[in-house]
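Predicted model, so just to flag it, every value in this text is computed and none were measured. For ligands, and for the atoms within them, numbers begin at 1 and follow the listed sequence.
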Amino acid sequence: MEQKTSPYLLHIRSQIFSFLKQSSVNFHASSQRTFKAPSLGSKIMEKPCILATIIGPKGIYKCFKPCIEKHFTIIAYEEFLERKEDFAEKIRAVFVWGATLNVNQELLQALPKLQVVVNGGVGVDHLDIPLINSFGVKVCNTPHVVDNSTADIGMGLMLASARKILEGHNFSKYHESEYMPESSLGNDVSGATLGIIGMGRIGFKVAKRAQSFDMRILYHNRNRRTEEDERAVGAVYCEKMEELLQKSDFVMIVVSLSPHTHKLIGTKELAMMKPSSTLINISRGLVVDQDALVDALQKKVIKAAALDVTYPEPLPRDHPLLSLPNVIVLPHIGTHTVETSQIMVERMVVNSLAVLNGEQPPDEVKI
Ligand SMILES: O=C(O)C(=O)CO
């Protein structure tokens, strides 16, 4: 029986179709339901192999395999390690999801036919792009399609933390007392001030959502957005991050990780935040000095933290962040939905096929 495709998936897909139509990639959509990537040149007789690394505990989730296997043979990284001599000459593309695979000199040297490394996700801080490029290998990512689900997880974390949703669930499950304790009282999100650090595409989506929660929105960004953008989401620019930290009830970090943003939030910055405020991080763990965060939470310098990203990921079970009250830690699930992951995989396939066809991929990352 055919599976029904959600309207959201169709919407995102049509966005990709129109984007690709405008780009130089020879891309045909035979129907709204069928995703037909560019055909491979006739010179390539066999399905090119990709060395695919993990998205789940045992390789790529089953539901995403058909889309990849239409064009590629998937070799799990563990399989590759066991039979390097069988696969090394065949692998043309590597798919990675975040830091699940270290694409280092050794791996690049072991794959002489490699043409492209495609990252499932927008952030490529875990990839040494100059090194990869020096092997004549292109790097691609999956921008745009991650924006909504990542913004959603930011809002989810803010709401769950402010409204103590996990405590409520645990009370329902265990109700060891008749009433919820006073400490379980949450805080309103509506009417509160949200400070967004990093107003790129995802930050903007967060602002859009926060606007409908009647939040006051401040933002700090390297470059100020246009007045039109600011008006569209009711966001007020703070040239200095300090101002945003001092005024916000919720501070959400949405910057990408770079040498410039590495441990951007440390002891000094946390001390600028209100004692009643909450830090939410949906960017990369290393943007926050985690030891400083633990210290600030222990000393009640800030009230709470809600993190989709940490270092390492996942945190070891005995990490102090996991035993602190008022802390929510997720294992980096910003894009971990059926719909977004499906679109990301499709886009990874499109990018890698373009490279193997000698065409410009739509999402090449250049530095
Ligand atoms: O797209 C990415 O890089 C993400 O980490 C989304 O959570």
Do any nitrogen or oxygen atoms of R284 lie less than 3.5 angstrom from nitrogen or oxygen atoms of ligand 1? yes
Donor-acceptor check, side chain of S341 to backbone of V338, threshold 3.5 angstrom: yes or no? no
Considering only heavy atoms of [X], which atoms of ligand 1 have at least one such atom less than 4.0 Å away?
X: G123; result: 2 (C), 3 (O)
X: T335; result: 6 (C)
X: V122; result: 1 (O), 2 (C), 3 (O)
X: H332; result: 4 (C), 5 (O), 7 (O)

N-O pairing of D147 and K205 below 4.0 Å: no
Between K113 and E89, is there a salt bridge with N-O shorter than 4.0 Å? yes
Any side-chain donor near an acceptor of the partner, N119 and H126, under 3.5 Å: yes
If the plane angle is over 60° it's perpendicular, under 30° parallel, otherwise tilted; pick one for F171 and H175. tilted
